[in-house]
Amino acid sequence: MPELPEVETIARGLSRAVVGKTIDEAKVFLPKVVLPDPATFRAGVAGEHICTVGRRGKFVVFTFASGTRVAVHLRMTGRLLIRRADDNGTYPYENVRWLFSDGSLLSFADIRQFGRMRLIEPGQPWDEILGLEPLSRRFTRDRFSELLQGRTTPIKAFLLDQRRIAGIGNIYACEALWEARIRPTRAAGSLSRERRERLHAALQSVLRRAITMGGTSVDDYVNADGERGGFQNELSIYGQDGEACPRCSAAIVRTVIAQRGTWWCRSCQRS
DNA sequence: AGGCGTACCTGAGGGC
DNA sequence: TGCCCTCAGGTACGCC
């Protein structure tokens, strides 16, 4: 499931590989995955020159010379894969393909068909509903504390809400709460100042460490070169039910919070 | 307004 | 062995 570190890794790989290339043509094999519609999408990217590839929340964002952008959300199983000019085989679950003028390709593949590629006209706002970038300078301890203020939702659900903070998903929410020793069911606004500060630091720490390792591959995730990440070997709590807590050795449990599997330690994430 | 439940999908895995 | 059922999950959307 690509979250911030995985999307950042993909965007960096794409930046190295496709910036400076020109898109000759887009082929759309599954019409519903391109927005606003296939004809507009194909016309909007044809002939475009790629200037930058970046990330906003869990979106990969391509910016073209004209100012037009394409924002890609991979949801759970989406992949953006760089393919060499001599790679002319069919790719499983390939929904969209960009053909570059140098003969190389970019494939958007997605088993579950949830991922989307959205064409954005120059100047058109698209990310207003997304919250703060947790690794940005604006995400201060005080700003985080303000966001939590008065919220009754469980802290785990709060962390997953992209309108507040953008980019955190199930894996890093579980890991950060464990690192900060906070019970995931705790009402967000009821956290003490000390715990808010611990959680703020834990979020930044776990996201940075995961980026360094190229993201977490527990399931389908691979980067733009088709390689798995390394942070799955560093996970303390996510997916570890029945294992011993690395901090206190109590058994890790799995419960459901906000309709999501949640792994935590009842012993050292007590409040 | 905020919080909650459900639809969207397919593959994996458990039960019989 | 093989079929059927359930579950997994990020987000949009509808409802209360």
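These figures come from a predicted structure and were not determined experimentally.
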note = Rounded to whole Å, CE of A/Met76 lies from P of C/dA12 at a distance of 12 Å
inquiry  = Salt bridge or not between A/Glu179 and A/Arg209? Use side-chain N to carboxylate O under 4.0 Å.
reply    = yes
message = Please determine whether a side-chain nitrogen or oxygen atom of A/Lys32 lies at a distance below 4.0 Å from atom OP1 or OP2 of B/dC9.
response = yes
key: Separation of atom CZ in A/Arg112 from atom C1' in B/dC9, rounded to whole Å   = 7 Å
message = Tell me which residues in residues 155-180 of chain A lie within less than 4.0 Å of DNA chain C, going by non-hydrogen atoms.
response = A/Gln162, A/Asn170
query = Rounding to a whole Å, what distance do you find between A/Leu148:CG and B/dG2:C1'?
reply = 15 Å
query = DNA chain C: A/Val256 or A/Arg260, which has the more 5' nearest nucleotide?
reply = A/Val256
ask   = Do the side-chain N or O atoms of A/Tyr93 get closer than 4.0 angstrom to the phosphate oxygens (OP1, OP2) of B/dC9?
value = no
ask   = Would you say A/Ile120 and A/Val70 make side-chain contact, with heavy atoms under 4.5 Å?
value = no
key: Phosphate OP1/OP2 of B/dT10: any A/Gln113 side-chain N/O under 4.0 Å   = yes
query = Is it true that A/Tyr238 and A/Trp178 have ring centroids separated by less than 6.0 Å?
reply = no
query = What is the distance, rounded to the nearest whole Å, between atom CG of A/Asp241 and atom C1' of C/dA8?
reply = 13 Å
query = Is there a side-chain polar atom (N or O) of A/His73 under 4.0 Å from OP1 or OP2 of C/dG10?
reply = no
query = If you look at every strand shown and take non-hydrogen atoms under 4.0 Å, does A/Thr152 touch a base, only sugar-phosphate, or nothing?
reply = sugar-phosphate
ask   = Looking at A/Arg75 and A/Asp110, does any basic side-chain N land under 4.0 Å from a carboxylate oxygen?
value = no
query = Between C/dG9 and A/Arg75, is there an OP1 or OP2 to side-chain N/O distance shorter than 4.0 Å?
reply = no
query = Contact class for A/Arg118 (heavy atom, under 4.0 Å): base, sugar-phosphate, or nothing?
reply = nothing
key: Output field: ring centroids A/Phe139/A/His200 closer than 6.0 Å   = yes
query = Over how many whole Å does the gap from A/Asp220 atom CG to C/dG9 atom P extend?
reply = 12 Å
inquiry  = At less than 4.0 Å, is any side-chain N or O atom of A/Arg151 found next to OP1 or OP2 of B/dG3? Yes or no.
reply    = yes
message = So does A/Ser145 get a backbone contact from the side chain of A/Arg141, meaning a donor-acceptor N/O pair under 3.5 Å?
response = no
ask   = Ion pair present between A/Arg42 and A/Glu25, side-chain N to carboxylate O less than 4.0 angstrom?
value = no
ask   = Within this structure, what is the CG-to-P distance between A/Asp127 and C/dT11, rounded to whole angstrom?
value = 14 Å
query = Are any of A/Tyr238's side-chain N or O atoms less than 4.0 Å away from OP1 or OP2 of C/dG9?
reply = yes
task = Kindly calculate the angle separating the two end axes of the helix from B/dG2-C/dC16 to B/dC16-C/dG2, each obtained from five base pairs, and round it to 10 degrees.
result = 50°
message = Same cluster or not: A/Leu148 versus A/Leu160, using hydrophobic residues (I, L, V, M, F, W, Y) connected whenever any side-chain heavy atoms lie under 4.5 Å apart?
response = no
request  = Determine, answering yes or no, if A/Phe114 is stacked on C/dT11 under the 5.5 Å centre rule and the 30° plane rule.
outcome  = no
ask   = Are A/Met76 and A/Leu30 connected in a single hydrophobic cluster, I mean Ile/Leu/Val/Met/Phe/Trp/Tyr linked by side-chain heavy atoms less than 4.5 Å apart?
value = no
inquiry  = Whole angstroms only, please: what is the CG-P distance between A/Leu74 and C/dG9?
reply    = 17 Å
request  = For A/Asn95 and B/dT10, give me the distance from atom CG to atom C1', rounded to whole Å.
outcome  = 12 Å
query = Quick one: do A/Glu48 and A/Lys21 make a salt bridge, cutoff under 4.0 Å?
reply = no
